[in-house]
J.: 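Got a structure here, written out as structure tokens. Questions coming.
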Amino acid sequence: MLPSQRKRKITISSLSFLFGFSFFPRRPLAMDLMHHSSTFLLPTIPSDHRPSLTAAQLRLCADGGANRVYDEMPRLFPQEDASDVRRRYKPDVIKGDMDSIRTEVLDFYTSLGTEIIDKSHDQDTTDLHKCVTYIRDFAPDLDKSNLCILVAGALGGRFDHEMGNLNVLCRFSSLRIVLLSDDSLIHLLPRTHHHEIHILSSIEGPHCGLMPIGMPSSSSTTTGLQWDLNETEMRFGGLISTSNIVTGEKVTVRSDSDLLWTISIKKL
Amino acid sequence: MLPSQRKRKITISSLSFLFGFSFFPRRPLAMDLMHHSSTFLLPTIPSDHRPSLTYALVVLNQNLPRFTPLLWKHAQLRLCADGGANRVYDEMPRLFPQEDASDVRRSRYKPDVIKGDMDSIRTEVLDFYTSLGTEIIDKSHDQDTTDLHKCVTYIRDFAPDLDKSNLCILVAGALGGRFDHEMGNLNVLCRFSSLRIVLLSDDSLIHLLPRTHHHEIHILSSIEGPHCGLMPIGMPSSSSTTTGLQWDLNETEMRFGGLISTSNIVTGEKVTVRSDSDLLWTISIKKL
């Protein structure tokens, strides 16, 4: 078979494990499929989801995120000794402009061996941006072929921070990045791919939404939603898909524009 | 003088009161100025800020910002969007723990209207406000628009006895919670771009700066700032220019996927903005 066909076969095999990430450029006859699933919200990732996007192998705090781990992790385990919890939840790296992290928190993690990367001179990028570039460009010992970056605490608080976090999704559109809050998760659906989103109804949904970010979309098509799109135009100032409902186990999306996908996370 | 010059003179006089809102279309030589100020966050609105804006308040189904009683006081019309009524019922008394909850609910914080698709409001809350005379507008058949959208159209098209010539709609609980709700709220700003609508949470306020105007934003540093941001919503901006920010824009291009202005800082009492695209302005609200 032709080399291009051989590559296609490998791609399909990877995808059958639900976590294949295709890097192949758009083909004129068919667009590559990108699969999405929130298995990172399950207590254990099923073993047949190999090669999996395995549970976090690298944990970073973006500046004041270290305060949050220090203060709030022990509160999630009130029966346990706070000191033990903090040692258990030691970040590998703390990176950012260091204008939010408290001194005692910085000292605590430094003494435990956390790598501290001070980028206070760099005011052109957000702390999240700095962490994403670290993961993409520097992190040793991390298998980056099937990488997914999970971002905790991405929503709420100051609105400009939230928009900055959304912009990181757009600026690193070839990376899988998932923004997470208590209520919602968000990730980008790049226009370069068709998308299949596998819904884990025990942990997410049914409320969901699709919105064009940055540019209007002249044509988006979905299946699996209560109000499906059918070559529908979407733009801010006109129609965007919010308060939609997933109707089953799979949602498909294709669009001429990058879209944000969001789904509610169940309160269990 | 020519009729067009006469109108311009009147516009400038209105603007000298800082709150003129010009409806005249864009003129080739100069763009009309639109003034913005967060006086609705002050305990009292200074009397020399006339002609002042008429405020309407919409309460959404999120935790009430701590300054909601202040917004309620300034508003001449108070609506709850569906489950926002639950929030007023439950959370207003908690903001006044020394007072009798019943008094707080009945006399002081009774919404004029509750509108929406009614899938969130609790039955006892609905009954309570119905018995007090609140107008209930059930739009459960309409699944094409959000509850906030329904409330804004009510205010714009129906509300009697409301002076709409200088209207400003304040939306409490607009951020946080489900992300698709938040995006839906932003989209209401864009769909009603000729109305002044301010989205409010405990941490931030947001409003649209339509491309049809130059903008002057008067900063009340006792209650807001210094953190701020400007972002194009829906379309990239090929040219935006500002004054009064630590990192000013100078015919700068902004787009998602490229540069947007976040974590900026206001440096004084006034920020000016002009752009070829509708921008969202956001500024932090101080925790006092």
Side-chain angles (χ1 to χ4, degrees), chain A residues 97 99 123-129 154-173 179-186 188 190 207-216 226-227 234-245 258 260-265, chain B residues 62-63 117 119 143-147 149 174-193 199-206 208 227-236 246-247 254-265 278 280-285:
Chain A
D97 62 10
D99 63 355
Q123 292 297 318
D124 288 339
T125 57
T126 64
D127 289 335
L128 174 59
H129 187 125
L155 306 177
R158 268 172 40 198
F159 181 70
D160 65 313
H161 279 165
E162 208 174 285
M163 290 293 108
N165 294 338
L166 289 180
N167 198 32
V168 166
L169 296 189
C170 303
R171 290 181 90 159
F172 294 91
S173 57
L179 302 185
L180 292 146
S181 73
D182 265 318
D183 302 283
S184 306
L185 68 82
I186 310 164
L188 197 74
H207 305 286
C208 62
L210 274 166
M211 56 278 314
I213 184 81
M215 288 293 300
Q226 182 144 341
W227 294 280
M234 288 206 290
R235 61 177 186 90
F236 273 92
L239 171 82
I240 62 173
S241 179
T242 64
S243 297
N244 212 329
I245 303 272
D258 289 350
L260 287 181
W261 163 258
T262 182
I263 188 164
S264 53
I265 297 175
Chain B
Q62 284 302 319
N63 287 325
D117 62 9
D119 62 355
Q143 293 297 319
D144 289 339
T145 57
T146 63
D147 289 336
H149 187 125
L175 306 177
R178 267 171 43 196
F179 181 70
D180 66 312
H181 278 165
E182 207 175 284
M183 290 294 107
N185 295 338
L186 288 180
N187 198 31
V188 166
L189 296 189
C190 302
R191 290 182 92 159
F192 294 91
S193 57
L199 303 186
L200 290 146
S201 73
D202 266 315
D203 302 284
S204 307
L205 68 83
I206 310 163
L208 198 73
H227 305 286
C228 62
L230 274 167
M231 58 275 318
I233 182 83
M235 288 293 302
Q246 181 143 342
W247 293 281
M254 288 205 292
R255 61 178 185 88
F256 273 93
L259 171 81
I260 62 172
S261 179
T262 65
S263 297
N264 212 329
I265 303 272
D278 289 350
L280 287 182
W281 162 259
T282 183
I283 188 165
S284 54
I285 297 176

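It should be emphasised that the depicted structure is a prediction, and the values quoted were computed from it without experimental measurement. Every chain is numbered from 1, with letters handed out A, B, ... down the list of sequences.
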J.: Check whether Thr262(A) gets within reach of chain B through its side chain, its backbone, both or neither, counting any heavy atom under 4.5 Å.
T.: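 Interface part for Thr262(A): side chain.
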J.: Using every non-hydrogen atom in the two residues, find where Gly214(A) and Phe256(B) come nearest and quote the distance to one decimal.
T.: CA-CB, 3.9 Å
J.: I'd like to know if the side chain of Asn167(A) and the backbone of Gly258(B) have a donor-acceptor N/O pair within less than 3.5 Å.
T.: yes
J.: At a 4.5 Å cut-off on heavy atoms, which part of Met163(A) comes close to chain B: side chain, backbone, both, or neither?
T.: both
J.: Could you give the distance from CD (Glu162(A)) to OG1 (Thr262(B)), rounded to the nearest 0.5 Å?
T.: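 So the gap between those two atoms works out to 12.0 Å.
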J.: Hey, is the main chain of Phe179(B) close enough, under 3.5 Å, to the side chain of Ser184(A) for a donor-acceptor pair?
T.: yes
J.: Select one option (side chain, backbone, both, neither) describing which atoms of Thr125(A) are under 4.5 Å from chain B's heavy atoms.
T.: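 Neither part.
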J.: Which answer fits Ile240(A), side chain, backbone, both or neither, if we ask what part of it has an atom under 4.5 Å from a heavy atom of chain B?
T.: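 Both backbone and side chain of Ile240(A) come within 4.5 Å of chain B.
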J.: When rounded to the nearest 0.5 angstrom, what is the spacing between NE2 in His181(B) and CG in Asp183(A)?
T.: 10.5 Å
J.: Go through the atoms of Arg235(A) and report whether side chain, backbone, both or neither lie under 4.5 Å from a heavy atom of chain B.
T.: backbone
J.: Name the member of Gly209(A), Cys208(A), Ser241(A), Pro212(A) that forms the most heavy-atom pairs with chain B at distances under 4.5 Å.
T.: Cys208(A)
J.: Go through the atoms of Leu210(A) and report whether side chain, backbone, both or neither lie under 4.5 Å from a heavy atom of chain B.
T.: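 For Leu210(A), neither part sits under 4.5 Å from chain B.
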J.: Taking everything shown except Asp182(A) itself, do over 12 heavy atoms lie less than 6.0 Å from its CG?
T.: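 For Asp182(A), atom CG is not crowded (no more than 12 foreign heavy atoms under 6.0 Å).
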J.: Can you measure from CZ (Arg178(B)) to CD1 (Ile263(A)) and round to the nearest 0.5 angstrom?
T.: 10.0 Å
J.: Side chain from CB out, backbone as N, CA, C, O: work out which of these in Met235(B) comes under 4.5 Å of a heavy atom of chain A, or both, or neither.
T.: both
